[in-house]
Amino acid sequence: MVHIPIVSRLSLGDYRSITLTFLILGIEACFRMVAYLIPAFILDAGKALVEKIFPWVVTNHISARAPPLEDAANVQEMLRFWNYPVQEHLVRTQDNYLLGIHRITHGREQVSDKGMVPNPPENIVKLLQENGVPLAAETKEAYLNRNKRDRRHQEEDLEADFDGQLRNKPKEGDYIKPVVLLYHGFMMCSEVWLCNLDEERNLAFVLAEAGYDVWLGNARGNKYSLKHMFLKPHENKFWEFSIDELALFDMPDTIDYILGRTGAPSLVYIGFSQGTAQAFASLSINPALNDKISLFIALAPATTPPGLENGLVNSIVKAAPNVIYLLLGRKTPLNAALFWQALLHPTTYATIIDMAVKFLFGWNCRSISPVQKSVSYQHLYSFTSVRVLVHWFQIIRTQVFQMYDDVQPRVPYLSSTRGHCPHPFPTNQITVPMAIFYGGDDTLVDVKALLSDLPDLVGIWEIPNYEHLDFLWADGLDKQVYPHILQLLEKHSFNGHISKGDVKRVIRGSMSTGAGSFLRENRTLAQELERYEDDIEEDQNHVVNRLALQTPRDSPIVQRQTFVTRRSQQSTRQTSREFMDGQEQQQQQQE
């Protein structure tokens with residue numbers, strides 16, 4: 001069939017689907033406006049009436065832990081509920097985004113006559129004992145007795161200064177807790193790792209009790225990383241990022257920060273969904289990053305999803321991914337999700353989410369209990385850019401795990417590679433040991449395509465009845481997934497004892513990170529200086545022009561002022577160039 005521009009750019013069914021989508025969005029916007037105008041006391045009365053008529057939807061009748069976790073506003077409140085320590089950190093990326101990340105330094109504690117003593121949950125203790133993993137409390141106590149140092153000094157050795165330099169340089173034979181970084185998926189944040197109703201199903205708590213230094217990452221744009229040094233979230237430019245930027249900046253900068261803070265030579269990276277995609281991408285284009293990760297565990301890995309379950313939506317996505325910009329704009333998608341999340345009862349909201357994922361992906365989510373859904377779905381959604389969503393649709397359309405394609409074909413269904421070739425991520429060049437866990441009913445994972453693009457793995461496990469979200473909140477995680485993860489960590493993670501080679505790598509990495517941060521600051525200042533050069537030049541020219549109007553052109557005053565202006569401009573540019581050249585030479589000498 002011949003595709004005529006404009007007339008046959010989309011099929012009749014595609015136009016009908018787009019029209020229906022706009023109609024649904026318009027109706028939703030009207031309902032949202034009406035609900036926004038309803039007084040709060042009427043909404044509260046409505047929720048109370050629903051709970052009275054349908055008492056089985058009240059989650060505290062099923063689990064006393066559900067209401068506090070449903071209402072928790074942030075990671076700090078969630079960890080406070082579970083009695084785990086939390087630290088907040090800010091990572092400044094090379095392109096000046098500020099990422100908020102969280103740290104769980106040790107296991108749960110309680111106050112006793114002897115002060116703060118370990119108090120690990122019984123179910124986690126049982127899980128670790130069944131898999132032959134020593135408790136963090138036992139390992140820590142043995143370490144304290146061996147080194148004759150108290151708890152306070154040990155924790156100080158695990159900390160570092162805010163400038164990225166180690167407070168005490170590690171020495172051969174020193175002990176540093178092994179580090180694990182957990183990274184969330186698409187349109188999520190770090191809260192998804194903390195909202196299981198059973199402690200033993202929260203991977204972060206299992207690892208903390210096993211003696212690991214646990215960090216929770218956050219991608220740019222979500223609720224903990226909605227900050228930039230020079231841009232504001234209401235500006236379109238703030239949201240001009242795709243998976244490329246997550247791989248080029250967010251992941252490597254976060255890892256450099258964590259290793260600089262802890263002094264560990266490497267860490268274990270555990271990603272879920274998009275968290276695995278950004279790791280595959282980042283490791284493939286950052287060779288040096290492969291030396292900083294001792295093990296990469298991919299939960300529900302997503303690189304080339306075969307498509308969406310709904311035929312109409314899938315056809316639109318594959319025909320013209322850029323149609324999404326028409327539907328959702330250029331900033332962040334699904335802003336209304338947070339509005340309806342706050343307005344609706346958690347059980348009602350969970351039902352709507354179930355219907356949505358069934359419609360788009362064909363998931364039934366039977367492995368997640370209803371009360372778990374009412375809690376987890378309250379922490380499911382967080383912001384990202386529309387460009388990230390379009391990037392995923394480009395990958396689905398081409399079935400190639402590639403970088404964002406800035407030049408889209410004008411006619412849908414035709415290849416865009418005739419005029420240019422988007423760069424695929426060279427994932428077969430990754431050297432990090434990798435393990436994969438995927439669900440047998442996960443429609444977003446194409447295992448054959450994934451394995452064909454990867455080097456040999458250290459392990460691959462299929463959980464037969466699991467879907468995509470099950471790897472976060474399903475029943476049986478502590479029996480079907482976590483034992484394998486603990487075994488992999490025991491075999492491949494940094495064991496905590498610094499070797500001579502580790503000392504060199506840590507110090508070299510700390511110096512390069514510090515130098516890179518310093519050079520980034522200098523480059524920012526130089527850019528600011530160049531930005532103001534034009535204003536200075538314009539002001540100086542304005543003075544000369546005004547003076548020329550009042551004084552003859554051949555007057556010595558005008559000639560002198562013109563000469564001074566030109567010398568000043570040349571001096572400013574020369575100083576800026578010399579400053580940047582000197583900083584780059586200094587960095588090269590340090591490396």
Side-chain angles (χ1 to χ4, degrees), residues 44 47-48 50-52 54-86 102-111 116 118-128 135-136 182 184 188-210 214 216 223-224 272 338 341-342 344-354 365-382 466 469-482:
D44 293 338
K47 289 184 178 180
V50 170
E51 293 180 355
K52 186 175 182 180
F54 308 103
W56 56 85
V57 305
V58 183
T59 53
N60 60 359
H61 291 172
I62 306 173
S63 173
R65 295 172 173 176
L69 289 174
E70 283 177 351
D71 299 334
N74 50 50
V75 164
Q76 292 79 4
E77 292 186 10
M78 299 176 78
L79 287 174
R80 196 177 302 124
F81 169 79
W82 290 113
N83 292 322
Y84 277 88
V86 59
H102 303 97
R103 181 187 189 187
I104 305 175
T105 55
H106 54 79
R108 196 172 70 177
E109 294 180 330
Q110 68 178 6
V111 180
M116 298 297 295
N119 181 34
E122 294 182 2
N123 291 336
I124 294 183
V125 173
K126 182 180 178 181
L127 171 64
L128 297 179
L135 288 174
L182 304 179
H184 60 80
M188 295 181 179
C189 67
S190 54
E191 295 173 11
V192 298
W193 301 104
L194 309 173
C195 49
N196 271 309
L197 294 173
D198 302 319
E199 297 102 329
E200 68 273 15
R201 289 192 292 118
N202 288 295
L203 181 59
F205 301 157
V206 173
L207 297 177
E209 297 295 354
V214 181
L216 310 176
K223 66 182 290 186
Y224 296 105
F272 168 76
L338 292 179
Q341 176 182 312
L344 299 175
H345 191 280
T347 306
T348 305
Y349 183 75
T351 302
I352 294 176
I353 296 296
D354 275 346
C365 299
R366 294 193 183 98
S367 298
I368 307 175
S369 67
V371 64
Q372 182 64 67
K373 292 177 184 177
S374 68
V375 174
S376 299
Y377 290 173
Q378 293 296 304
H379 304 278
L380 173 62
Y381 176 78
S382 194
Y466 270 26
L469 296 176
D470 291 342
F471 286 94
L472 290 175
W473 305 310
D475 296 331
L477 280 170
D478 53 318
K479 297 178 177 63
Q480 301 189 66
V481 178
Y482 295 170

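What you are looking at is a predicted structure, and each value in this text was computed from that prediction instead of being measured. For this chain, numbers begin at 1 and follow the sequence in order.
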Name the atoms and distances for all side-chain donor-acceptor pairs under 3.5 Å in residues 469-481, with sequence neighbours left out.
residue : atom : partner : partner atom : Å
Asp470  : OD2  : Glu467  : N            : 2.6
Trp473  : NE1  : Val192  : O            : 3.2

Review point. What is the minimum heavy-atom distance between His379 and Cys195, and which atoms define it?
Key: CD2-CB, 4.1 Å

Review point. If every non-hydrogen atom of Tyr377 is compared with every non-hydrogen atom of Ala350, which pair is closest and at what distance?
Key: CD1-CA, 3.4 Å

**Study point:** Note, Asn119 side chain near Glu109 side chain (heavy atom, < 4.5 Å)
**Key:** no

Review point. Which heavy atom in Pro346 sits nearest to a heavy atom in Gln378, and how many Å separate them?
Key: CA-NE2, 3.6 Å

Study note, to complete from the structure: To the nearest 0.5 Å, atom NE2 of His184 lies from atom CD of Glu191 at 10.5 Å

Point to revise | Over all atoms of both residues, closest heavy-atom pair of Leu216 and Ala204 | key: CD2-CB, 4.3 Å

Check your understanding: Can you find a heavy atom in the side chain of Leu182 that is under 4.5 Å from one in the side chain of Leu207?
Key -> yes

Review point. Taking side chain as C-beta onward, heavy atoms only, is Val371 less than 4.5 Å from Leu197?
Key: yes

Practice item. Hey, could you give me the CH2/CD1 distance between Trp193 and Ile104, rounded to the nearest 0.5 Å? Key: 11.5 Å

Exercise for review: State which residues pass side chain to side chain donor-acceptor pair (under 3.5 Å) with Asn74; sequence neighbours excluded, sorted by chain then number.
Suggested key: none

Practice item. For Glu209 and Tyr84, work out which heavy atoms get closest and say how close. Key: OE2-OH, 2.8 Å

Exercise for review: Not counting sequence neighbours, which residues clear salt bridge (charged side-chain N to carboxylate O under 4.0 Å, His left out) with Glu200? List them please.
Suggested key: none

Check your understanding: Do Leu79 and Phe205 have side chains that get closer than 4.5 Å, going by heavy atoms?
Key -> yes

Point to revise | Test item: Lys373 side-chain N/O and Asp354 main-chain N/O as donor-acceptor pair under 3.5 Å | key: no

Revision key, fill the gap. For Leu194 and Trp82 the tightest heavy-atom approach is O-NE1, 3.2 Å

Check your understanding: Between Asn202 (side chain) and Asp198 (backbone), is there a donor-acceptor pair under 3.5 Å?
Key -> yes

Check your understanding: With no hydrogens and no angle check, is any side-chain donor or acceptor of His106 less than 3.5 Å from a backbone partner on Pro118?
Key -> no

Review point. Can you check whether Tyr224 reaches Ser190 side chain to side chain, under 4.5 Å on heavy atoms?
Key: yes

Revision key, fill the gap. Those residues at least two apart in sequence (or on a different chain) that pass side chain to side chain contact (heavy atoms under 4.5 Å, CB included) with Asp71 are none

Study note, to complete from the structure: With sequence neighbours left out, the residues meeting side chain to side chain donor-acceptor pair (under 3.5 Å) with Arg65 are Glu199

Review point. Who passes side chain to side chain donor-acceptor pair (under 3.5 Å) against Ser376, sequence neighbours left out?
Key: Gln372

Check your understanding: Arg103 versus Val86: any side-chain heavy-atom pair under 4.5 Å?
Key -> no

